[in-house]
Amino acid sequence: MALLHQTFYNGVQRGCLHSLASQRAMLKLTHHSWRCLATTSKTNKNGYLKILPSVASALANNQPVVALESTIITHGMPYPHNLRTAQDVERIVQDNGVTPATVGLLNGSIHVGLSEEELVAMATAQNAVKSSRRDLSWVLSKRLTGGTTVSATMVAAHKADIPVFVTGGIGGVHRDGENSLDVSADLTELGRTPVAVVSAGVKSILDIPKTLEFLETQGVTVATFGPNKDFPAFFTPNSGVQSPINVTDVKEAAELIDCSLSLGLQSGILIAVPIPQSLAADGDLIEGAIQQALSEAKNQGITGKEVTPFILQRVNELTQGKSLEANEALIRNNALIGSQIAKELADLRRCKGQSSNQNNNCNNRTFPEVKGHEPGGRPVVIGASIVDLLASVNQDNIMHTGRTYQGSLQVAYGGVGRNIADCLSRLGSRPLFISAVGNDEHAQALLTYCKNMDQSAISTLSDYNTGTYCAVLDNQGELLFGIGDMDINDQITPQMVSTWESSIVQSPLVCMDGNIPTETIEYVCRICQENHVPVWYEPTCQMKAKKPFQSDAWKSLTYVSPNLNELRMMYGSLEGEETVNFDYETSFTDQLRECLQLSRILLQHIDCLVITLGENGALIVRNTEPEDKLICGKTNQEEEEFLGMTSAVHYPIGNVDPDRKITSVSGAGDCLSAGIIHSILQGYDSDICIKAGMMVAQMTLEDSQPVPACITASTITPETVQKWAPWQPSRMM
């Protein structure tokens with residue numbers, strides 16, 4: 001137990017750097033320690049995926065995104081036609097309210113979304129590699145420039161959770177493929193990767209009937225876009241072969257894609273868009289040129305992946321540029337149709353309460369019923385999303401002389417509100433998390449890490465940096481100094497939050513942390529009071545603890561979870577700070593006595609205080625009996641003044657193996673609150689609610705992540721909690 005007690009001091013208090021003494025006193029079992037520790041190599045799933053901030057922002061906010069390939073840039077057209085076409089296609093996508101994400105291989109990374117400079121680099125690259133799935137590892141390991149084919153682009157789109165991909169035409173079974181076995185990897189990729197590919201069908205240089213047969217074998221849904229089933233052949237709207245089905249408009253196409261993603265079939269869809277009739281007039285001329293080019297390729301011994309670029313270039317020469325014009329036009333048309341489909345799909349899945357990202361695990365999970373609230377409501381968490389940088393120095397006698405010291409660096413994705421929302425998501429309570437991040441790489445990394453959460457209410461603000469805090473510790477874990485850049489939290493204004501007012505007023509419980517502005521706290525308290533919605537306030541730190549108490553907003557709070565110093569600050573805000581003794585060295589008995597004294601005035605309006613006491617556990621003081629259910633959902637009671645404290649129950653830390661290895665306490669306090677909130681939402685008895693919170697908190701101790709993956713709805717039930725904590729707490733009054 002002594003080891004556990006000691007570890008509760010090994011954290012860093014964020015946001016309030018007023019004194020080292022207050023830092024040390026608050027580094028216990030509270031919701032203010034280091035969270036979500038992860039090494040910098042985990043900024044994305046595999047270390048090779050680099051998502052452009054604008055793309056990451058759109059995905060995080062459930063906005064439509066369209067993936068675009070890059071072999072058309074590196075191998076499909078000569079410069080500057082390739083660059084102009086790529087820019088035009090991205091512009092068409094953007095004009096339809098969708099974010100383009102051109103995929104390319106640069107400097108050892110798969111780039112999902114290219115900057116203007118990167119687009120130019122791709123268009124002018126002299127030795128770019130035409131990169132299919134099989135080439136990805138080699139091109140990346142050699143840090144070469146690669147244009148991604150349909151198959152490689154599908155891989156990247158799937159990893160980035162982009163469900164719609166627009167291209168010119170897909171590969172297929174080559175003519176005489178039954179003998180050469182020359183079959184494009186695009187087809188097998190469609191059979192195993194759940195991405196919808198919008199194209200002008202199959203390139204007419206291929207064997208289209210055999211290609212469709214192969215796709216059928218792979219279980220790929222093929223649909224012609226339009227009034228009939230005629231399957232297009234790239235430059236011509238009708239290949240003479242029919243698709244199994246057709247979709248008449250973007251709504252039908254989106255519904256088809258949504259159904260496939262929801263079923264989890266793990267295979268793709270091919271939406272074949274015929275070239276417009278106005279552009280198909282030269283189809284016969286182009287087809288004749290294709291036949292001649294095929295003959296020339298055979299005579300010259302050109303095979304494999306070199307065939308298509310040769311044919312396209314030769315056909316362009318034979319048609320005096322008409323094929324290139326048609327190629328550019330059909331790609332623009334595909335971009336128009338594809339972006340409209342992506343937008344319709346995003347709207348459809350948003351209306352269904354799903355993320356537009358097909359791999360979001362939340363979408364495929366059956367959530368437990370949240371009791372005690374109106375149908376359709378779910379918990380709301382409002383608070384900060386912060387990237388923490390932790391620098392630990394290994395040496396003694398640190399001098400501020402500008403020298404470099406040996407140490408370790410870690411990155412943490414925190415923010416009290418974010419951590420609580422993360423834990424609630426893992427427990428199955430499906431919270432709406434209202435927060436703000438910048439349009440930068442910190443946001444990209446944070447949002448990628450938080451993919452288990454609903455990110456639809458996280459706003460991206462391009463004019464602000466993502467909230468960041470850097471702490472420098474000595475070799476004893478003591479804070480030397482900290483630097484914070486958290487101005488973005490001030491932008492979580494009433495105007496921003498009001499966008500989600502309908503969700504707030506229907507919520508069974510709203511939780512907000514002290515990082516948001518005072519006026520936002522007051523706004524949330526007001527609308528929750530008007531609509532009888534319980535409110536949980538997380539003070540975050542001593543200075544921010546007093547925010548609701550600077551007006552009558554605190555009278556609308558239902559739950560508050562302070563530590564002792566934050567409780568002192570709350571009391572001082574009401575009665576005058578001169579009435580409070582900020583003495584950190586009092587005994588446990590004196591702390592309990594002081595908690596009871598300070599709580600009385602707060603409990604005249606607040607229903608319950610969850611006071612965290614570090615290694616001594618938590619004190620639960622209420623204005624009702626301890627066995628009464630904790631409030632959840634719509635309450636019929638009007639604002640009233642209670643007599644004050646009715647009950648006080650002390651919960652020790654619980655069962656702890658003295659030989660247990662403690663890895664991190666960074667998320668213990670946040671998970672304590674989240675565990676209690678989740679249990680309240682489930683309608684559990686109050687004793688189970690508190691013990692569940694403490695059980696969840698202890699589950700974080702052996703994991704470097706503050707909200708470990710082992711926290712699930714199935715691990716926290718009344719039965720498992722009672723088995724973990726069969727003991728009875730101590731009633732103080």
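The analysis underlying the following values was restricted to heavy atoms, covering all of them including side chains, and did not include hydrogens, waters or symmetry mates.
- No side-chain heavy atom of V380 sits under 4.5 Å from any side-chain heavy atom of W500.
- Minimum interatomic distance between P652 and W727 (heavy atoms only, all atoms of both residues): CD-CZ3, 3.7 Å.
- Residues I488 and N465 have side chains not in contact (no heavy-atom distance under 4.5 Å, counting atoms from C-beta outward).
- Heavy-atom contacts from other residues, nucleotides or ligands closer than 6.0 Å to OH of Y464 number 12 or fewer.
- We find the CG-SG distance between L427 and C671 to be 8.0 Å, quoted to the nearest 0.5 Å.
- Judged by distance alone, the side chain of R430 and the main-chain N or O of R378 form no donor-acceptor pair under 3.5 Å.
- If you take CG on L598 and CG on L567, they are separated by 5.0 Å, rounding to the nearest 0.5 Å.
- In terms of modelled atom types and a separation under 3.5 Å, the side chain of S507 and the main chain of I504 share no donor-acceptor contact.
- Taking the six-membered ring for Trp, H650 and F588 have ring centres closer than 6.0 Å.
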Side chain to side chain contact (heavy atoms under 4.5 Å, CB included) evaluation trace for L603 with L609: CA-CA 8 Å; L603 289 173; L609 295 175; 4.1 Å; yes
CA sep, side-chain torsions, deciding dist, call: Y469, I483, side chain to side chain contact (heavy atoms under 4.5 Å, CB included): CA-CA 6 Å; Y469 178 81; I483 302 172; over 6 Å; no
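- To the nearest 0.5 Å, atoms OG1 (T558) and CG (D607) are separated by 6.5 Å.
- With 3.5 Å as the limit, one finds a donor-acceptor pair spanning the side chains of E501 and Y523.
- When side chains are defined from C-beta on, V381 does not count as touching M512, because their heavy atoms never get closer than 4.5 Å.
- Checking side-chain atoms of S679 against main-chain N and O of G675 turns up a donor-acceptor pair under 3.5 Å.
- By the 4.5 Å heavy-atom criterion applied to side chains, D422 and R418 are counted as neighbours.
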Side chain to side chain contact (heavy atoms under 4.5 Å, CB included) between W536 and L509, intermediate numbers included: CA-CA 7 Å; W536 182 297; L509 188 146; 4.0 Å; yes
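- Across all their heavy atoms, Q542 and M569 have their closest contact at O-CG, 3.3 Å.
- A donor-acceptor pair under 3.5 Å links the side-chain atoms of D454 to the main chain of S456, judged by distance alone.
- Closest non-hydrogen pair, I711 versus T700, comes out as CD1-CG2, 4.4 Å.
- Here salt bridge (charged side-chain N to carboxylate O under 4.0 Å, His left out) pairs that include residues 512-528, with residues two or more places apart or in two chains, are R526-E530.
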S673 and D670: CA distance, side-chain angles, deciding distance, side-chain hydrogen bond (donor to acceptor under 3.5 Å, both in side chains) verdict: CA-CA 5 Å; S673 297; D670 295 335; 6.0 Å; no
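- Checked by atom type and distance alone, the side chain of T540 pairs as donor or acceptor with a backbone atom of E538 at under 3.5 Å.
- Within the 3.5 Å criterion, the main-chain N or O of L630 finds no donor-acceptor partner in the side chain of S686.
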Test salt bridge (charged side-chain N to carboxylate O under 4.0 Å, His left out) applied to R731 and E625, step by step: CA-CA 11 Å; R731 180 162 183 174; E625 293 299 324; 3.0 Å; yes
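- Counting only heavy atoms from C-beta outward, the side chains of L596 and R593 never approach each other to under 4.5 Å.
- A pairwise comparison of heavy atoms in A457 and L432 identifies CB-CD1, 3.7 Å as the closest pair.
- R622 places no side-chain N or O within 3.5 Å of a backbone atom of T624 that could act as its donor or acceptor partner.
- The shortest side-chain heavy-atom distance between S561 and Y537 does not fall under the 4.5 Å cut-off.
- Rounding to the nearest 0.5 Å places OG of S385 at 5.5 Å from CG of L446.
- Counting only N and O atoms by type, the side chains of T712 and S714 include a donor and acceptor under 3.5 Å apart.
- Contact of the Y559 side chain with the I676 side chain is not registered, since no non-hydrogen atoms from C-beta on lie closer than 4.5 Å.
- Counting only distance, with no hydrogens or angles, the side chain of T493 and the backbone of M496 share a donor-acceptor pair below 3.5 Å.
- Tested against L557 for a side-chain contact (heavy atoms from CB on, under 4.5 Å), the candidates C608, P534, C525, C528 yield a single pass: C525.
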C450 vs Q455, side chain to side chain contact (heavy atoms under 4.5 Å, CB included): CA-CA, chis, key distance, verdict: CA-CA 8 Å; C450 301; Q455 301 177 6; 3.7 Å; yes
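- Q591 contributes no side-chain N or O that, together with a main-chain N or O of L564, makes up a donor-acceptor pair within less than 3.5 Å.
- Taken from CG in L424 to CG in L681, the straight-line distance is 7.0 Å, to the nearest 0.5 Å.
- Using a distance-only test at 3.5 Å, with no hydrogens or angles considered, a donor-acceptor pair links the side chain of Q698 to the main chain of I653.
- How far CE of M695 is from NZ of K723: 9.5 Å, rounded to the nearest 0.5 Å.
- Annotation: side chain of K629 is not in contact with side chain of C689 (no heavy-atom distance under 4.5 Å).
- A545 and M570 make their closest contact through O-CG, 3.8 Å (heavy atoms, listed as atom of the first residue, atom of the second, distance).
- When the options I386, V387, T466 are evaluated for a side-chain contact (heavy atoms from CB on, under 4.5 Å) with V437, the one that passes is T466.
- The aromatic rings of W554 and F549 sit parallel, their planes meeting at an angle under 30°, below the 60° perpendicular limit.
- Residue pairs meeting the salt bridge (charged side-chain N to carboxylate O under 4.0 Å, His left out) criterion with at least one member in residues 673-694, sequence neighbours excluded, are D687-K691.
- Taking both residues in full, the closest heavy atoms of H678 and S429 are given as ND1-OG, 2.5 Å, listed atom of the first, atom of the second, then distance.
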